[in-house]
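Each remark here refers to the structure printed beneath this line.
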Amino acid sequence: MYIVMVTPEIAPVAKVGGLADVVFGLSRELEIRGNSVEIILPKYDCMWYGEIFGLCVDYDNLWVPYYDQWIHCTVFFGFVHGRKCYFIDPHSDKGFFNRGVFYGHWDDAERFAFFCRAALEYMLKANKHPDIIHCHDWQTAMLPVLLYDIYANLGMTHPRVCFTLHNMKHQGITGEFVFRETGLNPLDYFRADRFQDDANPHVVNLMKGGIVYSNFITTVSPQYAWDIRTSEQGFGMGHTLYTHQGKFGGILNGIDYDVWNPETDRYIPHKYSLSTLDDKYNNKEALRHRLLMRQDLKPIICAIGRLDHQKGVYLIRHALHYALANGWQFVLLGSSPEQAVNDEFWRMKCDLNDNPDCHIELGYNEELSHLIYAGSDLIVIPSLFEPCGLTQMIAMKYGTIPIVRSTGGLSNTVFDANYSELPFEQRNGYTFYDPSNEALEHAMVRSVGLWYEYPQQFRQLMENAMRYDYSWNNPGEHYLKVYDFIRNK
Ligand SMILES: Nc1ncnc2c1ncn2[C@@H]1O[C@H](COP(=O)(O)OP(=O)(O)O[C@H]2O[C@H](CO)[C@@H](O)[C@H](O)[C@H]2O)[C@@H](O)[C@H]1O
């Protein structure tokens, strides 16, 4: 099958969050299974160019409609760790993708609507007729309607569109100008059953339009698929998803075991596996050494991720203080797009600077994250909502036990050591439900209690976690079934 991914991110060159990992890992898996996969994304000025190989011009004369003008674009080609990527570079004084950051500008909707039109124009001109176009999140949600309204009439009748929702919190709320910008008639699309937002009839909801016009919609775990249809976690999209539920389903993400594997990880000093698990503790020593923490008989609890409200920032903060108050160790790696949250954690970092049981690293550091996954005993993930979550799956591969709030994908992947109905061999972590300090403390006490009092059982739990297969193998198969299903329609 010939698949084109249209995406705002791909790891590691253009990564803000887990979406980037998913696009990379899924593309790789699909290729391993004999499919042809190409990836189209914007050519951001802030990409990590050192990881793009053989970057060269693929198509220099692409003219993309924009209101009543045309914008000249150049399309570059390059390999990102073996994946075939096409980067669209618009030459406009608006500097669409030359802003030094990926997102966060007032005209984000306009920038990405343009990207959708440019991606289709490029496929048309370069004579690419994929079986499947796979779009990711609101940034690419204009593509299916543009395909249907404009490009099908120009001969692109073959491709079917799969649209994956990674996070319902960001839906691309904007004004009706995006239709005029991309060559669509607002009267046709600014309607209640199409792009009009359900809560505010005066605004356009790009994600909603993507749902209406795609052939199939997926989200990144079965539980989240349920949550967003039936609860406030849908951020107002429940009704639309209910209406389109016949073409909607949840497929659990995978992680890329080529990147996340303690047996081969180039970023950790001591490789290990199930049979050499003792070597994990050398990484614990190395982590403490690197972060100037004290070597002692204490568990290390870590937290890794975006410090976004979604991730339960107040619970992360509490976990840190609670761990230190009990004489355990804590390592935090994270960053926030919000200045106030960053400032708060900087203050905490300064206050705890001399504490030998704690390290706070603010910013994005891929390499350090590997050592933290390998060197920690436990990872805390108290998310208020979590579409899938990759960090718990990565941690388990490294024998690091997750303590999670049971929501979305976390509840599909982490099974409580004490309370799960599964046999002990299938239990792999600790869960709690109530988003309160007390519920979190209870789960932390249970996990650390086992670590101190019953090390053999704790080790058994680590082995259980490491045995789980959260690779792209199963999800890859599921996505191919979805593609086949819509291709034959
Ligand atoms: N400061 C930092 N330094 C280094 N590495 C860092 C880091 N902060 C985060 N990371 C890494 O980024 C990834 C984050 O994965 P998440 O699942 O938490 O993604 P996120 O919430 O962004 O994405 C959304 O999309 C993904 C993919 O669908 C869903 O799993 C998720 O639930 C949804 O919210 C992990 O690989 C983690 O190690």
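We count ligands from 1, going down the list as the structure has it; atoms in each ligand are counted the same way.
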Discussion item. With a heavy-atom distance limit of 4.0 Å, tell me whether Asn167 approaches ligand 1 through its side chain, its backbone, both, or neither.
Written reply: side chain
Worksheet item: Does the ring center of Phe216 lie less than 6.0 Å from the ring center of Phe163?
Response: no
Fill in: Salt bridge flag under 4.0 Å for residues Arg28 and Asp258
yes
Worksheet entry | Electrostatic pair Lys311:Glu386 at N-O distance under 4.0 angstrom | yes
Worksheet item: Heavy atom under 4.0 Å from ligand 1: found in Asp21's side chain, backbone, both, or neither?
Response: side chain
Practice prompt. May I ask you to identify the nearest protein heavy atom to atom 17 (O) of ligand 1, giving residue, atom name and distance to one decimal place in Å?
Written response: Leu390 N, 2.8 Å
Discussion item. I'd like to know if Lys481 pairs up with Asp484 as an ion pair, taking the criterion as any Lys NZ or Arg NE/NH1/NH2 lying under 4.0 Å from an Asp or Glu carboxylate oxygen.
Written reply: no
Discussion item. Any nitrogen or oxygen of His166, side chain or backbone, less than 3.5 Å from one on ligand 1?
Written reply: yes
Response to the item:
ligand 1 atoms nearer than 4.0 angstrom to some heavy atom of Val220 are 28 (O)
Discussion item. Pairs of nitrogen or oxygen atoms closer than 3.5 Å, one from Ile304 and one from ligand 1: do any exist?
Written reply: no
Worksheet item: So, is Asn253 polar-close to ligand 1, with some N/O to N/O distance under 3.5 Å?
Response: yes
Worksheet entry | Numbered atoms of ligand 1 (with element) below 4.0 Å of Gln310, judged on heavy atoms | 21 (O), 34 (O)
Fill in: Closest to atom 35 (C) of ligand 1 among Thr219, Asn365, Ile372, Thr391 (heavy-atom distance)
Thr391
Worksheet item: Counting both backbone and side chain atoms, is some N or O of Val22 under 3.5 Å from an N or O of ligand 1?
Response: no
Fill in: Distance in Å, Leu410 CG paired with Thr391 OG1, rounded so as to fall on 0.5 Å steps
7.0 Å
Fill in: Ion pair check, Arg288 and Asp357, cut-off under 4.0 Å
no
Practice prompt. Any atoms of ligand 1 less than 4.0 Å from a non-hydrogen atom of Arg306? List them with their elements.
Written response: 8 (N), 20 (P), 21 (O), 22 (O), 34 (O)
Worksheet item: Salt bridge between Lys208 and Asp198, side-chain N to carboxylate O under 4.0 Å?
Response: yes
Worksheet item: Evaluating non-hydrogen atoms only, which member of Tyr364, Tyr373, Phe385 is closest to atom 5 (N) of ligand 1?
Response: Tyr364
Discussion item. With a 6.0 Å cut-off on the ring centroids, do Trp472 and Tyr257 count as close?
Written reply: no
Worksheet, complete the sentence: Among His370, Glu361, Lys15, His170, closest by heavy atom to atom 36 (O) of ligand 1 is Lys15
Practice prompt. For Gly409 and ligand 1, answer yes if some heavy atom of the residue is under 4.0 Å from a ligand atom, otherwise no.
Written response: no
Worksheet item: What atoms of ligand 1 come within less than 4.0 Å of a heavy atom belonging to Pro387?
Response: 32 (O), 33 (C), 34 (O)
Practice prompt. Determine whether the side chain, the backbone, both or neither of Asp308 has a heavy atom under 4.0 Å from any heavy atom of ligand 1.
Written response: neither
Discussion item. Please list the nearest protein heavy atom to atom 9 (C) of ligand 1 with its residue and the distance rounded to 0.1 Å.
Written reply: Gly305 CA, 3.5 Å
Worksheet item: Under 3.5 Å, N or O to N or O, is Gly17 touching ligand 1 that way?
Response: no
Worksheet item: Taking the six-membered ring for Trp, is the centroid-to-centroid distance between Phe112 and Phe97 below 6.0 Å?
Response: yes
Worksheet entry | ligand 1 versus Ile394: contacting region, heavy-atom distance under 4.0 Å | side chain
Worksheet item: Below 4.0 Å from any atom of ligand 1, is there a heavy atom belonging to Gly363?
Response: yes
Discussion item. Are any of the N/O atoms on Val16, whether in the backbone or the side chain, positioned under 3.5 angstrom from an N/O atom of ligand 1?
Written reply: no
Worksheet entry | Residue pair Asn205, Trp138: steps toward the side-chain contact (heavy atoms from CB on, under 4.5 Å) verdict | CA-CA 9 Å; Asn205 185 319; Trp138 72 264; over 6 Å; no
Worksheet entry | Option of least heavy-atom distance to atom 29 (C) of ligand 1 (set: Ser383, Gly389, Gly18) | Gly389
Fill in: Atom pair CG/CG of Leu287 and Asn282 - distance to nearest 0.5 Å
12.5 Å
Worksheet item: So, His134 versus Tyr479, ring centres under 6.0 angstrom or not?
Response: yes
Discussion item. Under 3.5 Å between any N/O of Glu386 and any N/O of ligand 1: does that happen in this structure?
Written reply: yes
Worksheet item: Hey, would you say the Phe235 and Phe385 ring centroids sit under 6.0 Å apart?
Response: yes
Discussion item. Could you check whether Asp416 pairs with Arg446 (Lys NZ or Arg NE/NH1/NH2 to Asp/Glu carboxylate O, under 4.0 Å)?
Written reply: yes
Discussion item. Out of all atoms in ligand 1, which are within 4.0 Å of some heavy atom of Lys311? Include the element for each.
Written reply: 16 (P), 18 (O), 20 (P), 21 (O)
